Amino acid sequence: MSEERDRVQAILTEFQNEFAPYASLSLDGASLDNVESKLREVAELKVRHTGKKSPISGAMNLVGKVAPDERAGFGQFVQSAQKEIASKIDAVEKTLNEVIINAKIESERLDVTLPGRRPRTGHLHPITILRQKIEDIFVSMGYAIEDDREIETDHYNFDALNIPEGHPARESQDTFYTTQGFALRSQTSTVQIRAMERRGVPIRIIAPGKVFRRDTPDMTHVPMFHQIEGLCVDKGITMAHLKGTVTEWLKRLFGEDTITRFRPSYFPFTEPSAEFDFSCFKCHGSGKFEGDRCRPCKGSGWIELGGSGMVHPNVLKAVGVDPTVYSGFAFGFGLERMTALMYSIDDIRHMFENDVRFLEQFK
Amino acid sequence: MNISYNWLKDLIDIEMSADEVAAQLTRVGLAVEGIHPHGDDFVLDIDLTSNRSDCLSHLGIARELQVINNSKLIINNYDAPSPGDPNLVNILDANLCNRFTARIIRNVKIGPSPQWLVNRLEAIGERSINNVADITNYVMHELGQPMHSFDLDKLSGGRIVVRKATPGEKITTLDEVDRVLDETMLAICDAEKPVAIGGVMGGLDSSITDSTVSVLLEVAYFKRENIRATSRTLGLGTEASYRFERGVDIENLITASNRATELICELAGGKADDFVDVYPNKFVANQVASADISASVKRLTGLSFETGECVRILTALGITASDDRKTFSSPTWRHDIAIEEDLVEEVARHAGYENIANELPPAYGAGEYQKTEPRKKRLRENLADMGFDEAITYSFIDTRQDGVFENIPGLLNEKLEDKYITLQDSVIDGALRMRPSILPGLLDAVRLNLNFQRRDLKLFEIGKVFAAQTGEYELPNEREILTLVVIGGEISEGKAVTVRELDLYDAKGALEAALEAVGVSNADFTAAEAKHLRKGQTAAVLVEGSRVGYIGRLSDDIAAGYKFKQPVYVAEVDLQAILDMESTPIAYRPLSKYPAVTRDVSLLGDRNISFAATRQAVTEQNFELCRNVSFVDVYEGKGLQDNERSITIRLEYRSDERTLIEDEVEALHKQILSHLEQKLAIKPRF
Ligand SMILES: [Zn+2]
């Protein structure tokens, strides 16, 4: 039996000799090609030393030549030799494969900080963004959005709004006229009249739109701008409802801590009339921001926003509504001014220059 | 308007500081915009609303403080002087001149004013001239009544006739301008000629000079509307006309005249002589009915105020109540108290708007957007997602743009002599035309951006354009349109260089997507011509068979005018017409169980045979199994003749009932190709 054992030992020794260069492989700095060729050599080695025709597989045939009581021991000896060969080769193959995979991963590593591939996104005009926000608020409060003509008759721009001929507001030369004698609407209050004629009362509407005034453009004036007009007419509407409604939408736009202030004023289409201010969205009414005088409110803590009041009985009469039965409130304000305040835009003319450097800031 | 705090204290007994006065005045609606120190005085800058002409003086402001502070006015109410020669003043038009007083003051010595008077005027921003002129100015700012002093010796006949001017009558006013009057204007005349334009400005020839010794002091009341009209016609606004057209106190004329006379006698050594007051029809103040003022205050403001408290505030303001407290009489200095709501405002503003509650109106129905708004919102968002920035340009454009651009179909009425809407005047040079197109505005925006080195742009605007209607008195046509402009290269977010140059198909793709966003997925584009677009690169846009606008490359002429060196692609469509159309309903088709067979074929032919014509030549054969014709590519250039191109299309064959066999597809494909060759002379290139 020792002869057979010697045979197996010789096969093992031969393998170990052949395997020696791979047993202590140094792969530091080896090129991928080099590693891959080593892997191929090991694969060949594997075929020669583990395949069915390999010497160690042949050694199993020697079992028959061993004494019967020693056959089990010899068999185990051959199997352990087989295992040793296979595991040594597998270990080297595994190492080589890992080196190859790691090298590939390294060579295909990406810079994840490069910009994502996407077409440039455009931007809505800040006036559109603010208008949509305010419309959303009022629709949720039960108001319908309305708009109408931009070129109007004097009837809609003035007479029906209780601004008769000879009234200072009409003669102020603020209004653009066409050569045919039509007026470019100087306030969206015209929509009050058009909407009440169409819908009758009760009514709750918001009318956003363009208006025109004969102001030469400068940092704080433009001859065309956008207004939002609100109108609520029903039985039992009071100035308390005006105050509550204006306060509510400003809270929804600027936050729950917003408060409002109403000051007596004069507008031909409302009586009583009021101007309304709200607590500054930036300094929350303190007048100071980060230790300095707050910019939007000029340190007063208040932002003057618009005009309002109880709809003048003559306006209701102009659309056939009985002012002894119905009452209502109206309010209006300018979107450009509000936008300019919200973003500290120093020159209101930027709103209509359409400089992309301006537009793309409103995301 | 400037109000001196010290001067106020001459008129009313108050112990409030200037700051407190300012806060209280603002609270009741007389907005104090600023407080400026002036020596030992403070000047309040008050922004008055146009209805409060009664507050255009220290007296008016003092009256408001009287209500706020419950204190008394300290002013002299002078008795009427004994009447003098009635022939001194003759009013021929009592409609335009409701009251006229004249006072003769003799032995006047014109000279500088004393320092206290100079200081007072200086505090409120007025310049000292001479003692008599300063006094009339001073009394106006104190009592609100404008007045005018004549040199009596320069008045022909030494008397005054108040009448309408005759057409063409001339006068040289104090500002040394020759003015021509007309028959709508009121002239203050001497025995011969106009010596002042009533309520507006005095004449130069009859004015006070250093040598004047006798003064005729005019203190009068004129019809408000007429003063406004005269002032506007002449383009001449003065402190006097400003007050007269808003309304002064007709019952305060004598007091004002006496106050001025007193000061002239005191400061210019004059001696008061004859006084005449011509007041043909006594002014009747507004009587305002209010059945229950307390209930009306409650109804309009929600404030609970007893009738007694309402009447107290009104009375303090000079608005007197009848015994039954159902009729209220406006004071003669208030021209803005006409209806019950005006009384409510007076009570509410002194009660304090801050005391009105904050309440929401009772719940009502659901709110709603405008019918087209959801689709317009999608349109805007869609365009923004495709890289377009939203522009808003002015609605008025330069008349030089007339006829340069083809407008949306049907906007202009070509039969009209005047197709456009034009402004009488503008505040921007040349911008007299209400735009019939948004393109001029957007191209200006492109120019501005190019000036700031932004060469890759996609802009859009949604807005109205304007055109005249048939009838002269018909309101103009207003239509909402959509305009796109595309120039430069495709920008990738975060990348410094553009990906590729944009071309017509980028503009077209954006427009198609925009139309789809508003519910139109079947727009057609046909080769067309439009005067602002380059020939051969222009398409008409059709929806449901009707033309809604144009898309194409801006013509070289127009581009050169803007100094555009890159091609500019533009589109303008009638958005309103598109939104008015029914959106295409979704027609669902069951999914086929059988596979489709596709064949790509490159067809060589004349380069003017369009893809649409090619597709049409396939679909018109109505082969049920040929399901789709789609575009793959075009090739022109090397290997082809100049007038040739090769267009590759993909044909899709499919049955809903079975899997097609190769031979059947091949036979059909051949049949289709031979039809294309017969009809369009295009045949497979390979
Ligand atoms: Zn602030």
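The analysis underlying the following values was restricted to heavy atoms, covering all of them including side chains, and did not include hydrogens, waters or symmetry mates. Keep in mind that what you see is a predicted model, and the values were worked out from it rather than measured. Chain letters run A, B, ... following the sequence lines, proteins first, then strands; residues in each count from 1.
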Would you kindly check if the NZ (Lys) or CZ (Arg) of A:R357 is within the cone defined by 45 degrees around the ring axis of B:F452 and under 6.0 Å from the six-membered ring centre? yes
Should the pair B:K377-A:E135 be classified as a salt bridge under the 4.0 Å nitrogen-to-oxygen rule? no
Would you check if the side chain of A:T179 reaches a backbone N or O of B:L423 as a donor-acceptor pair within less than 3.5 Å? no
Is it the case that the side chain of B:D389 and the backbone of A:L359 share a donor-acceptor pair, with hydrogens and angles ignored and the cut-off at 3.5 Å? no
Answer with side chain, backbone, both or neither: which region of A:F358 has an atom nearer than 4.5 Å to a non-hydrogen atom of chain B? neither
Note: vs chain B, highest number of non-hydrogen pairs under 4.5 angstrom among A:T238, A:L114, A:D215 is A:T238
Hey, which of A:T260, A:N314, A:D147 has the most heavy atom pairs under 4.5 Å with chain B? A:D147
For the backbone of B:P476 and the side chain of A:R149, can you confirm whether one donor and one acceptor N or O come within less than 3.5 Å of each other? yes
By the definition side-chain contact (heavy atoms from CB on, under 4.5 Å), identify the one residue from A:M141, A:K243, A:H241 that meets it with B:L360. A:M141
Where on A:T245 is there a heavy atom nearer than 4.5 Å to chain B: the side chain, the backbone, both, or neither? both
Which answer fits A:F267, side chain, backbone, both or neither, if we ask what part of it has an atom under 4.5 Å from a heavy atom of chain B? neither
Under a 4.5 Å heavy-atom cutoff, which of A:G116, A:G122, A:G244 has the most pairs with chain B? A:G122
Under 4.5 Å, counting heavy-atom pairs only, tell me which of A:G181, A:A274, A:P223, A:G309 racks up the most with chain B. A:P223
Indicate whether any N or O donor in one side chain lies under 3.5 Å from an N or O acceptor in the other, for B:D336 and A:Y266. no
Would you say the side-chain atoms of B:N449 pair up with the backbone N or O of A:N354, donor to acceptor, closer than 3.5 Å? yes
Distance-only, no hydrogens or angles: does the B:E368 side chain make a donor-acceptor pair with backbone N or O of A:Y143 under 3.5 Å? no
Chain B contacts, top residue of A:K210, A:E353, A:R204, A:M224 (heavy-atom pairs, under 4.5 Å): A:R204
Check: B:E478 side chain, A:I151 main-chain N or O, donor-acceptor pair, under 3.5 Å: yes
May I ask you to name which of A:A144, A:P323, A:P115 has the most heavy-atom pairs under 4.5 Å with chain B? A:A144
Any donor-acceptor pair under 3.5 Å linking the side chain of B:Y364 with the backbone of A:P202? yes
So which part of A:I129 gets closer than 4.5 Å to some heavy atom of chain B, the side chain, the backbone, both or neither? neither
Let me confirm one number: the CD-OG distance from B:E345 to A:S265, rounded to the nearest 0.5 Å. 8.5 Å
Pick one of side chain, backbone, both or neither for A:E165, based on which atoms fall under 4.5 Å of a heavy atom in chain B. neither
Relative to chain B, which segment of A:E248 carries a heavy atom at a distance below 4.5 Å: side chain, backbone, both, or neither? side chain
Okay, A:I127 and chain B: the region with an atom under 4.5 Å from a heavy atom over there is side chain
Salt bridge check, A:R120 against B:D456: does any charged N sit closer than 4.0 Å to a carboxylate O? no
A:S273 versus chain B, heavy atoms under 4.5 Å apart: side chain, backbone, both or neither? both
Is it the case that A:T128 and B:E390 place a side-chain donor and acceptor less than 3.5 Å from each other? yes
